[in-house]
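Everything on this sheet refers to the single structure shown next.
Just so you know, these numbers use all the heavy atoms, side chains as well, and skip hydrogens, waters and symmetry mates.
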Amino acid sequence: MKLFPYPFDVLQKIAELVFGKNNKNNPEDKMGESKKIKGTVILMKKNVLDFNDLKASFLDRVHEFLSKGVSLQLISSVHADHGNGLRGKLGKPAYLQKWISTITSLTAGDTAFSVTFEWDEEIGIPGAFIIRNHHHSQFYLKTVTLEDVPGHGRVHFVCNSWVYPAHRYKYDRVFFANKTYLPRDTPEPLRQYREEELIHLRGNGSGTLQEWDRVYDYAYYNDLGCPDKGLDYARPILGGSREYPYPRRGRTGRTPTKTDPNTESRLPLLSLSIYVPRDERFTHIKMSDFLACAVKSLGQILIPELITLCDKTPNEFDNFDDVMKLYEGGINLLGGPKVAKIRDYIPWEMLKELLRNDGQPFLKYPMPDVIKEDKIAWRTDEEFAREMLAGVNPVVIRCLKEFPPVSKLDPKVYGNQNSFITKDHIEKNMNGLTIDEAIKNSKMFILDHHDTLIPYLRRINTTATKTYATRTLLLLEEDGTLKPLAIELSLPHPQGDKYGATSQVFTPAEKGIEGSIWQLAKAYASVNDSGYHQLISHWLNTHAVIEPFVIATNRQLSVLHPIHKLLQAHFRDTMNINALARHILINAGGVLENTVFPGKFSMAMSSVIYKNWVFTEQALPADLLKRGLAVPDLNTSHGIRLLIEDYPYAVDGLEIWTAITTWVDEYCSFYYPTDDLIHSDSELQSWWTELRTVGHGDKKRELWWPKMQTRAELIQTCTTVIWVASALHAAVNFGQYPYAGYLPNRPTISRRFMPEPGTKEYDELESNPNAVLLKTITSQLQTLLGVSLIELLSRHSSDEVYLGQRDLPEWTSDKEILEAFKRFGDNLVEIEKRILERNNDKRLKNRVGPVKVPYTLLYPSTSDYTRAGGLTGRGIPNSVSI
């Protein structure tokens with residue numbers, strides 16, 4: 001095989017390539033006296049991203065030299081070609097100029113190229129263009145701008161798309177001018193181009209998809225298991241059945257496994273070549289940030305070698321000082337034969353990112369916020385309760401309406417699952433209130449994971465996990481804080497489910513064996529809450545439920561459509577991070593199964609909980625009303641009044657919700673002044689139908705779906721989608737490391753049951769309670785893996801785009817919309833100021849708490865354009881992007 005497949009006469013001209021000469025005929029020489037339109041093309045070459053891909057750079061120059069460059073053809077928006085199906089008339093091809101002589105740096109960055117178009121009256125106002133890449137390599141096309149178009153002026157195109165060599169496509173790549181049209185208002189010469197582009201993006205539903213394919217399609221979650229490795233790695237298919245309903249994911253088209261034709265085969269663990277449409281993949285900057293931390297999350301590689309690094313009691317922390325060494329001294333893996341062996345497993349492109357962008361060595365963790373100011377305040381009852389309102393999972397606590405708490409599980413299947421907590425357990429700590437008085441005055445609250453876990457708990461406890469289903473009762477005090485009253489730990493009855501639950505009830509104590517038992521009871525409650533947070537509050541209720549919206553939007557709404565332009569920024573990177581999650585986090589034997597207590601039952605359990613998912617209840621006001629944390633109040637901008645006034649997540653969240661609602665209302669009202677335009681919008685109706693019947697197809701018969709016939713329904717729907725993708729995800733994601741980076745505060749696994757009196761474990765609890773706590777919760781290796789994971793998930797990338805920002809200032813050409821968007825951003829900046837004011841208000845005890853961690857998880861960071869990234873504990877990115 002020849003190393004260089006081009007004729008010898010080409011080799012003779014290599015010097016001209018190097019020195020930037022280009023013998024291609026200059027298009028300007030051919031235009032004579034015709035009018036010309038000058039244009040600027042902003043793109044990023046592939047070789048900028050691939051430091052070592054010198055071949056790509058060289059071959060692009062060769063193709064350019066052989067008159068195989070990058071051509072653009074303008075498409076008229078006003079004059080149709082009757083010989084081409086009434087499509088807009090095409091201009092003559094124009095080529096990017098000076099590709100060879102334009103020097104690009106090896107670091108990432110944009111490059112500007114000039115292009116000169118021949119223009120005549122037959123073209124009129126360009127509404128789109130066709131681009132053909134005749135080079136060897138793809139490039140990322142950002143924008144095209146035409147200056148001084150006769151009779152019109154400036155025309156701007158926002159592209160933001162990878163353009164592969166022309167032979168990779170069976171159709172022309174078309175980009176539209178930065179205009180916004182409802183389908184019926186589309187200029188007739190552009191109509192077929194608009195419709196055909198959507199057909200290309202839908203694909204034909206068959207075949208293995210390649211990186212240059214631009215297909216958005218649906219599939220079940222049938223790629224989590226690997227039955228070819230044995231039954232232990234088989235997992236149920238999620239989606240498409242009554243037993244395991246689930247949102248749809250993006251289709252890859254990989255071949256089935258040998259063992260099970262319904263299970264999709266998996267890629268090698270270290271492969272990052274999981275198909276998602278190329279424009280949905282991480283940017284080069286984000287991928288570098290991601291790789292910097294991701295290596296530590298590959299537990300299948302690290303665990304065998306980390307075992308040898310443990311101390312005299314393998315896999316255990318001997319005391320809390322051992323835990324602190326993770327942050328104060330770290331585990332030094334920067335040298336030695338053990339590390340060399342680990343590095344042998346890791347490809348070079350990952351290895352070069354091992355030194356994090358904060359300069360800290362591998363496996364030396366930053367100090368989590370929860371222990372920065374006070375090393376033991378996390379153990380107080382006040383902080384335990386406060387984190388239900390201002391921690392990483394503030395979306396579960398609810399107001400108690402009846403006592404004792406009642407189960408909703410079917411008693412024919414699960415027997416009596418009602419609570420065993422009595423008034424004798426709690427009234428002595430209720431500040432003189434009776435239970436009836438407290439319930440009547442909305443003073444009692446509950447963190448209830450009982451019904452969620454009981455159906456799976458017997459199976460979960462057959463593994464290394466040993467845990468309970470928990471209920472935690474709390475009282476709202478006069479100062480606005482919550483006081484724990486009791487924790488109930490329940491197990492399935494040993495004689496069978498139909499006999500109900502066996503339960504123990506524990507009440508607060510500070511000293512002696514009772515105090516040690518109470519600390520353990522809180523740990524079991526925290527384990528429940530951590531698992532629910534990761535699987536449901538975080539993964540299911542943000543990542544998984546949003547992906548069908550991403551797919552449906554790209555399949556059914558043209559880039560010219562106003563709702564596509566509104567929502568697109570809120571879908572950035574979601575398909576990519578979800579694909580990576582299926583690959584290494586939520587898969588059989590993946591990081592999640594090894595660090596969160598439900599283990600191999602995790603995803604199946606999340607599927608069961610999805611049965612209760614209701615789209616309209618994802619709106620913040622509706623969620624707060626459902627949980628009894630608020631009551632209707634028409635005198636407020638958001639229509640509700642909080643029952644816990646100092647509820648940081650809800651207080652900040654309602655301001656964010658109201659700001660989003662105002663922005664979406666202004667936006668939708670501009671394009672849809674009447675309801676008639678809603679139900680006559682063919683693309684919008686197709687989008688909503690496909691979203692309900694395919695994307696969330698297992699919920700298609702639910703009556704709660706909005707009908708999408710009015711502007712009010714559209715505003716509420718878009719507001720909810722933006723809220724979930726931005727603020728809700730920020731609230732449950734970016735606090736993970738600040739609060740759970742110190743695993744004793746948020747343990748994810750329990751490995752032993754509560755010690756019984758008369759056992760050696762009970763005796764040890766009396767003599768060394770801290771050792772027993774550490775032996776009960778997450779082990780050393782699980783901690784290393786878990787902390788590495790949540791550090792990765794809690795980091796903002798250095799190209800983050802926050803709520804109220806867009807990556808390009810000219811994301812729309814409608815000035816009224818740009819002005820409304822500026823008002824939205826200004827509103828968010830004012831919210832930032834009010835959040836800081838509340839955090840400094842000493843009367844609001846839940847804003848900072850005993851650990852002295854101000855609540856900033858819903859601080860928008862709209863005013864932050866530094867692109868610094870990192871573990872900030874603040875900022876609302878536009879999308880579910882990590």
Side-chain angles (χ1 to χ4, degrees), residues 385-391 393-403 430-431 433 435-448 473-483 537 614 616-665 704 712 715-716 719-720 722-724 727-728 731-732 827-828 830-849 855-860 876:
R386 186 191 77 91
E387 290 183 22
M388 301 177 197
L389 303 174
N393 194 31
V395 295
V396 179
I397 188 174
R398 59 182 174 86
C399 189
L400 189 65
K401 300 297 186 182
E402 56 185 333
F403 184 87
M430 291 180 59
N431 305 332
L433 284 174
I435 291 174
D436 289 342
E437 290 172 335
I439 290 179
K440 181 180 178 180
N441 293 296
S442 301
K443 296 286 188 180
M444 287 193 69
F445 296 85
I446 185 171
L447 185 71
D448 191 352
L473 263 59
L474 308 106
L475 179 71
L476 180 62
E477 305 236 69
E478 292 301 318
D479 64 357
T481 62
L482 291 173
K483 178 171 73 172
S537 303
V614 177
T616 52
E617 291 176 354
Q618 307 313 302
L620 179 59
D623 169 59
L624 293 169
L625 290 170
K626 177 187 177 183
R627 290 190 286 123
L629 272 298
V631 293
D633 186 347
L634 298 180
N635 294 320
T636 66
S637 59
H638 37 69
I640 63 173
R641 176 174 58 84
L642 292 174
L643 296 180
I644 302 178
E645 293 182 8
D646 184 14
Y647 184 178
Y649 162 74
V651 172
D652 296 359
L654 285 170
E655 289 200 13
I656 300 294
W657 170 268
T658 302
I660 296 172
T661 302
T662 301
W663 153 239
V664 174
D665 191 337
W704 41 253
I715 291 168
Q716 183 74 1
T719 300
T720 302
I722 293 171
W723 162 261
V724 171
L728 178 59
V732 298
N827 195 355
L828 292 171
E830 291 302 312
I831 291 173
E832 292 177 2
K833 296 175 183 177
R834 291 196 292 272
I835 288 174
L836 296 180
E837 289 172 359
R838 286 194 287 269
N839 286 344
N840 290 322
D841 189 337
K842 303 300 182 183
R843 297 170 298 175
L844 303 176
K845 296 183 179 297
N846 295 326
R847 299 294 309 190
V848 176
Y855 187 75
T856 55
L857 295 178
L858 286 176
Y859 181 92
I876 302 176

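In this structure, the side chains of Leu629 and Ile644 come closer than 4.5 Å at one or more pairs of heavy atoms. Using a 4.5 Å cut-off on side-chain heavy atoms (C-beta onward), Ile831 and Leu828 make contact. Residues Ile640 and Leu654 are in side-chain contact: their nearest non-hydrogen atoms beyond the backbone lie under 4.5 Å apart. For the pair Val614 and Lys626, the minimum side-chain heavy-atom distance is 4.5 Å or more. Residues Phe403 and Leu473 form a side-chain contact, since some pair of their non-hydrogen atoms from C-beta on lies under 4.5 Å apart. The shortest side-chain heavy-atom distance between Tyr647 and Asn846 does not fall under the 4.5 Å cut-off. At least one side-chain heavy atom of Met444 sits less than 4.5 Å from a side-chain heavy atom of Met430. Side-chain contact between Ile835 and Pro860 is present, with at least one heavy-atom pair separated by less than 4.5 Å.
Minimum heavy-atom separation, Asn827 to Ala659: ND2-CB, 3.7 Å. Of all non-hydrogen atoms in Ala390 and Pro648, the two that sit nearest each other are CB-CG, 3.7 Å. The minimum heavy-atom distance between Asn441 and Glu437, with the atom names listed, is ND2-O, 2.8 Å. What you find for Met388 and Ile397 is that their closest heavy atoms are O-CG2, 3.6 Å. Residues Ile715 and Val664 come closest through the heavy atom pair O-CG1, 3.7 Å. Heavy-atom minimum distance, Tyr855 versus Gly391: CE1-O, 4.3 Å.
A donor-acceptor contact closer than 3.5 angstrom links the side chains of Arg847 and Asn839.
For Arg398 and Asp448, the salt-bridge test passes: some basic side-chain N is under 4.0 Å from an acidic carboxylate O. The pair Arg838-Glu655 meets the salt-bridge criterion, since a charged nitrogen lies less than 4.0 angstrom from a carboxylate oxygen. Salt bridge present: Glu830 and Lys833 bring a charged side-chain N and a carboxylate O closer than 4.0 Å.
Interatomic distance, Thr658 OG1 to Ile660 CD1, rounded to the nearest 0.5 Å: 9.0 Å. Put simply, CG on Leu643 and CZ on Arg627 are 11.5 Å apart, with the number rounded to the nearest 0.5 Å. Summarising the geometry, atom OG1 belonging to Thr719 is positioned 12.0 Å from atom CG belonging to Leu620; distances are rounded to the nearest 0.5 Å. Rounded to the nearest 0.5 Å, atoms CG (Leu447) and CG (Leu474) are 7.5 Å apart. With rounding to the nearest 0.5 angstrom, the NZ atom of Lys440 is 16.0 Å from the CD1 atom of Ile435. Remark: Leu482 CG to Lys443 NZ distance equals 10.5 Å, nearest 0.5 Å.
Checked by atom type and distance alone, the side chain of Asp841 never pairs as donor or acceptor with a backbone atom of Glu837 at under 3.5 Å. Using a distance-only test at 3.5 Å, with no hydrogens or angles considered, no donor-acceptor pair links the side chain of Arg386 to the main chain of Thr481.
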The test is side chain to side chain contact (heavy atoms under 4.5 Å, CB included); show your working for Asn431 and Lys483 and say whether it passes. CA-CA 10 Å; Asn431 305 332; Lys483 178 171 73 172; 3.1 Å; yes
With side chain to side chain contact (heavy atoms under 4.5 Å, CB included) as the criterion, how do Val395 and Asn393 come out once you've worked through the C-alpha distance, each side chain's angles and the decisive distance to 0.1 Å? CA-CA 6 Å; Val395 295; Asn393 194 31; 3.4 Å; yes
Does the side chain to side chain contact (heavy atoms under 4.5 Å, CB included) test come out yes or no for Tyr859 and Ile656, once each step is laid out? CA-CA 9 Å; Tyr859 181 92; Ile656 300 294; over 6 Å; no
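Note: Tyr649 and Trp723 have tilted aromatic rings, judged against thresholds of 30 and 60 degrees for the angle between ring planes.
Counting heavy-atom neighbours within 6.0 Å of Arg641 CZ, excluding the residue itself, gives a total of 12 or less.
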